[in-house]
A.B. asks: 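Encoded as structure tokens, here's the structure I'll be asking about.
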Amino acid sequence: MSKQASSKKTPAPRRRKAAVSAAAPDTEFDARSDAKSDAASKAASDHSAQAAAPEAPLAGLIDAQRLLALQTALMQQQAALWQSLFLQSAKTEPSTKASTTDTGTATLPPVPDRRFSSPAWSEPWYDWLRRSYLLNSQYVDALVESMQVDARTRERMRFAARQIADAMSPANFAATNPEAVQLALESNGESLSRGIRQLMDDTLQGRIATTDETAFEVGRNLATTAGAVVFENEVMQLIQYQPLTAQVRKRPLLIVPPCINKFYILDLQPANSLVRYALEQGNQVFMISWRNPVAKDLAECGQLTWDDYLERGIVTAIDQARQICGADQVNALGFCVGGTMLGTAAAAMAARGEHKLASLTLLASMLDFSDTGEIGLMVDETSVAARETQIGAGGLMSGRDLAMVFSSLRANDLVWSYVVNNYLKGQKPDAFDLLYWNADSTNMPGPWYCWYVRNTYLENNLRLPGKVQSLGVPVDLGKVGMPAYLLATREDHIVPWRTAWQSVKLLSGGTRFVLGASGHVAGVINPVAKKRRSYWSVGDAKFVEAQPALLDGEHVSAEAWLAAASEHPGSWWSDWDQWLAAFGDGMKVASKDLGNKSHPVIEPAPGRYVRQRML
């Protein structure tokens with residue numbers, strides 16, 4: 001805005017009776033303004049004369065005429081907004097649909113944003129605040145889209161602009177949130193006092209409380225499936241679960257969870273436990289419980305590498321499960337980063353001539369990191385090199401730091417909604433098992449983390465045959481020759497489903513790709529009994545060998561696969577079990593005992609590693 005335009009101000013009205021903002025239906029953005037309707041035309045004219053070229057901060061980044069058009073439209077919207085204020089003050093009834101008045105202004109429809117859904121936001125002053133904020137946000141978005149920059153820079157600018165806009169919402173401030181003001185008045189300030197106490201508590205624990213943590217305890221009402229720890233080392237504990245059927249499949253199922261989270265997302269409670277479901281289908285189930293290294297473990301765990309997690313974690317767990325069950329091979333399942341590690345370990349074992357896996361299941365996992373969504377925007381050579389200098393040779397990557405990164409991807413849901421609820425309103429968050437797990441962060445050894453980020457998000461090396469070595473051999477995912485079941489979820493913001501699809505092109509043993517509804521966690525944890533959501537697939541899960549060529553993905557795009565896929569109601573779990581049954585190697589009588597003579601029970605499940613909280 002030019003100095004000339006900004007200087008032409010008229011006295012503000014004494015009474016704060018703002019109105020529903022108005023805008024022309026075909027205008028692409030709006031913003032608040034100090035200009036009144038009787039000064040809007042002259043202000044826009046003055047601005048046009050002054051803004052023939054972009055201001056210095058935007059010089060070279062945006063076309064001058066485009067910037068002029070955006071700013072002129074902004075001024076017009078500001079005038080319309082203030083005119084709406086005057087009309088409301090004159091008790092003009094707003095329309096629920098955009099409609100043009102005699103003066104050329106239009107009334108905006110109801111605000112659909114959940115942050116402003118309370119009826120309290122309909123009071124004229126607060127209604128003006130929320131609409132002004134949304135119009136400003138749209139203006140900033142339009143500026144970003146008009147910048148003459150490369151695609152990656154634009155994506156980073158979009159992310160940064162959204163973070164700032166989310167933070168600046170009037171809902172996030174006590175003075176401009178009508179719900180917080182109303183609660184403070186009704187409680188004589190007690191709501192704000194409680195909010196301050198909760199803010200101090202959260203500051204001490206280093207994170208925002210997103211659930212009532214007193215409602216849950218691992219081993220009491222989370223991760224309660226019966227079993228025992230039958231092996232442990234400095235990297236992991238191996239849990240064997242008690243069979244739930246009289247007969248079991250001869251080949252055990254080994255589950256590899258992500259080491260950046262704790263395993264019990266797959267065993268939250270009986271009603272939504274994938275572990276329990278697999279047991280009910282007759283599987284012998286083993287679970288890796290990764291260690292959560294804290295400061296006192298630095299000497300023992302601070303130097304652990306990517307290869308250590310593969311060899312002492314995954315490969316060792318495979319060997320222990322085979323020995324306990326007397327099986328030639330295991331069926332292995334990896335979730336998220338656990339799937340990336342499992343895929344790498346499978347390629348390394350193939351290069352070493354070891355055929356220990358009968359099948360591979362990868363849930364919401366990436367092997368090709370060509371498109372990593374918004375997480376990838378935070379990774380560049382400078383940031384990775386800085387981490388390598390700091391912890392690459394030894395140290396711990398803070399789980400709290402990573403938790404904040406993931407929360408920022410959905411800041412309104414996972415950050416600001418709790419700032420409003422906990423601090424401005426002084427309310428306790430509800431009890432939610434999934435959010436308890438989400439807050440139960442884990443640290444990672446620095447060398448492991450640095451290898452992972454450089455070779456996946458930064459350089460995308462795993463997809464290139466022989467580009468990296470693991471376990472002393474070149475990694476070639478094309479040598480992973482066992483059948484694979486690949487699940488992606490359609491709304492996943494951590495593992496974009498089209499990126500997960502690329503694994504179909506990398507693996508060579510015959511793949512079944514399935515697309516689930518919902519997001520990264522909710523799409524995976526979708527119990528059959530609840531009959532919720534849906535999934536998409538091509539062909540019959542029973543006949544892997546006879547699947548049409550479309551399924552191999554070698555010459556087919558993700559969009560072409562989706563066009564050919566059929567939607568099925570309910571959970572993908574039953575489809576997966578139908579597929580997995582073919583690799584069970586028959587049935588045998590279930591053993592009543594866990595472990596064996598060489599693998600005595602160490603402690604009951606879920607074990608002590610998973611109980612280690614962040615200090």
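All heavy atoms count here, side chains included; hydrogens, waters and symmetry mates do not.
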A.B. asks: Begin with the C-alpha distance, continue with both residues' side-chain angles, and end with the deciding distance and a verdict on side chain to side chain contact (heavy atoms under 4.5 Å, CB included) for N272 and L434.
C.D. replies: CA-CA 10 Å; N272 58 3; L434 193 150; over 6 Å; no
A.B. asks: Could you check whether the rings of Y264 and Y436 sit parallel, tilted or perpendicular, using 30° and 60° as the cut-offs?
C.D. replies: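 Answer is tilted, since the angle falls between 30° and 60°.
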A.B. asks: Looking at R533 and E491, is any side-chain nitrogen of the basic one under 4.0 Å from a carboxylate oxygen of the acidic one?
C.D. replies: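 Here E491 does not pair with R533 in a salt bridge, since their nearest N and O are not under 4.0 Å apart.
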A.B. asks: Quick one: does S408's side chain have a donor or acceptor within less than 3.5 Å of a partner on A411's backbone?
C.D. replies: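 No, S408 side chain to A411 backbone: no donor-acceptor pair under 3.5 Å.
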A.B. asks: Indicate whether the side chain of T316 and that of D319 have a donor and an acceptor atom separated by less than 3.5 Å.
C.D. replies: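 Looking only at side-chain atoms, D319 and T316 do not form any donor-acceptor pair under 3.5 Å.
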A.B. asks: Does any N or O in the side chain of Q247 come within less than 3.5 Å of the main-chain N or O of G282, such that one atom is a donor and the other an acceptor?
C.D. replies: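 It does not hold such a pair.
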A.B. asks: Taking the six-membered ring for Trp, is the centroid-to-centroid distance between F335 and H520 below 6.0 Å?
C.D. replies: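 Aromatic pair counts; centres sit under 6.0 Å.
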A.B. asks: Show, in sequence, the C-alpha distance, side-chain angles and deciding distance for D267 and M287, and conclude whether the side chain to side chain contact (heavy atoms under 4.5 Å, CB included) test is met.
C.D. replies: CA-CA 10 Å; D267 186 31; M287 173 75 75; 5.5 Å; no
A.B. asks: Any donor-acceptor pair under 3.5 Å linking the side chain of N443 with the backbone of G399?
C.D. replies: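 Looks like yes, one N/O pair under 3.5 Å.
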A.B. asks: Inspect the surroundings of CG in D212 and state if more than 12 heavy atoms from other residues, nucleotides or ligands are less than 6.0 Å away.
C.D. replies: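 More than 12 heavy atoms, drawn from other residues, nucleotides or ligands, come within 6.0 Å of this atom.
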A.B. asks: Applying salt bridge (Lys or Arg N to Asp or Glu O under 4.0 Å), can you list everything that pairs with D577, at least two apart in sequence or on another chain?
C.D. replies: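 Partners of D577 under the salt bridge (Lys or Arg N to Asp or Glu O under 4.0 Å) test: R249.
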A.B. asks: Treating D308 as the side-chain partner and T305 as the backbone partner, does any N or O pair qualify as donor plus acceptor under 3.5 Å?
C.D. replies: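 Side chain of D308 to backbone of T305, a donor-acceptor pair under 3.5 Å: yes, one is there.
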A.B. asks: With the side chain counted from C-beta on, respond yes when V420 and N172 share a heavy-atom pair under 4.5 Å apart, and no when they do not.
C.D. replies: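 Counting from C-beta outward, V420 and N172 do come under 4.5 Å.
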A.B. asks: Is it true that a side-chain atom of N455 and a backbone atom of N461 form a donor plus acceptor pair closer than 3.5 Å?
C.D. replies: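 No.
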A.B. asks: Between N283 and V285 (side chain of the first, backbone of the second, donor and acceptor by atom type, cut-off under 3.5 Å), is there such a pair?
C.D. replies: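 Not a single qualifying donor-acceptor pair exists.
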A.B. asks: Using a 4.5 Å cut-off on heavy atoms from C-beta on, say whether the side chain of H599 contacts that of Q240.
C.D. replies: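 Heavy-atom side-chain distance check fails, nothing below 4.5 Å.
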A.B. asks: Restricting to ring pair (Phe, Tyr, Trp, His ring centres under 6.0 Å), what partner residues turn up for Y309, sequence neighbours left out?
C.D. replies: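 Partners of Y309 under the ring pair (Phe, Tyr, Trp, His ring centres under 6.0 Å) test: W290, W448.
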A.B. asks: If you define the side chain from C-beta out and look only at heavy atoms, does anything of V275 sit under 4.5 Å from F263?
C.D. replies: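 Heavy-atom side-chain distance check fails, nothing below 4.5 Å.
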A.B. asks: I would like to know whether F406 and I375 meet side chain to side chain contact (heavy atoms under 4.5 Å, CB included); could you show each step before the answer?
C.D. replies: CA-CA 8 Å; F406 286 112; I375 294 179; 3.4 Å; yes
A.B. asks: What pair of heavy atoms forms the shortest contact from A488 to A500, and how long is it?
C.D. replies: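 What the structure gives for the nearest pair is CB-CB, 3.7 Å.
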A.B. asks: Do S370 and D368 meet the criterion of a side-chain donor-acceptor pair at a distance under 3.5 Å?
C.D. replies: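 A pair is found: one side chain offers a donor N or O, the other an acceptor, under 3.5 Å apart.
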A.B. asks: Given salt bridge (Lys or Arg N to Asp or Glu O under 4.0 Å), test R291 with D297 step by step and report yes or no.
C.D. replies: CA-CA 10 Å; R291 188 171 184 177; D297 306 316; 3.1 Å; yes
A.B. asks: So which of R251, R322, K356 actually passes salt bridge (charged side-chain N to carboxylate O under 4.0 Å, His left out) with D328?
C.D. replies: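 In the set R251, R322, K356, the residue that makes a salt bridge (charged side-chain N to carboxylate O under 4.0 Å, His left out) with D328 is R251.
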A.B. asks: Give a yes or no on whether the backbone of G478 and the side-chain of S508 come within a donor-acceptor separation of less than 3.5 Å.
C.D. replies: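 Yes: the side chain of S508 pairs with the backbone of G478.
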A.B. asks: Rounded at 0.5 Å granularity, tell me how far SG in C325 sits from CD in Q320.
C.D. replies: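 Going from the SG atom of C325 to the CD atom of Q320 covers 11.5 Å.
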A.B. asks: NZ of K588: more than 12 outside heavy atoms within 6.0 angstrom?
C.D. replies: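 Atom NZ in K588 is crowded, with more than 12 foreign heavy atoms closer than 6.0 Å.
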A.B. asks: So F513 and W497, would you call those rings parallel, tilted or perpendicular, with 30° and 60° as cut-offs?
C.D. replies: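 If you compare the ring of F513 with that of W497, the planes turn out tilted.
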A.B. asks: Strictly distance-based, threshold 3.5 Å: is any side-chain N or O of T211 a donor or acceptor partner for the main-chain N or O of D433?
C.D. replies: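 No; judged by distance alone, with no hydrogens or angles, the pair does not exist.
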A.B. asks: Heavy atoms only: give me the nearest L367-N460 pair and the separation to one decimal.
C.D. replies: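 The answer is O-OD1, 4.3 Å.
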A.B. asks: Considering the options R162, R158, R152, R156, which one meets the salt bridge (charged side-chain N to carboxylate O under 4.0 Å, His left out) requirement together with E374?
C.D. replies: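 For E374, the salt bridge (charged side-chain N to carboxylate O under 4.0 Å, His left out) test succeeds with only one of R162, R158, R152, R156, which is R162.
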A.B. asks: Answer yes or no: is there a side-chain heavy-atom contact under 4.5 Å between T456 and M366?
C.D. replies: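 A side-chain contact under 4.5 Å is absent here.
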A.B. asks: Just wondering, more than 12 heavy atoms not from R532 lying within 6.0 Å of its CZ?
C.D. replies: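 Open.
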A.B. asks: Indicate whether the side chain of Y418 and that of D202 have a donor and an acceptor atom separated by less than 3.5 Å.
C.D. replies: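 No pair is found: no donor N or O on one side chain lies under 3.5 Å from an acceptor on the other.
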A.B. asks: For residues 455-474, which residue pairs qualify under salt bridge (charged side-chain N to carboxylate O under 4.0 Å, His left out), counting only residues two or more places apart or in two chains?
C.D. replies: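 Applying salt bridge (charged side-chain N to carboxylate O under 4.0 Å, His left out) to every pair that reaches into residues 455-474, excluding sequence neighbours, yields R454-E459.
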A.B. asks: Between the main-chain N or O of Y277 and the side-chain N or O of Q281, is there a donor-acceptor pair closer than 3.5 Å?
C.D. replies: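 Pair found, side chain donor or acceptor close to backbone of Y277.
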A.B. asks: Between atom CG of D430 and atom CG of L435, what is the distance when rounded to the nearest 0.5 Å?
C.D. replies: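 With rounding to 0.5 Å, CG (D430) is 9.5 Å from CG (L435).
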A.B. asks: Is the backbone N or O of N526 less than 3.5 Å from a side-chain atom of S571, with the two atoms forming a donor-acceptor pair by type?
C.D. replies: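 Pair found, side chain donor or acceptor close to backbone of N526.
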A.B. asks: Could you walk me through whether S359 and Y485 pass the side chain to side chain contact (heavy atoms under 4.5 Å, CB included) check?
C.D. replies: CA-CA 8 Å; S359 73; Y485 187 101; over 6 Å; no
A.B. asks: Looking only at heavy atoms, which two atoms of L266 and S273 are closest? And how far apart?
C.D. replies: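 Looks like O-OG, 3.6 Å.
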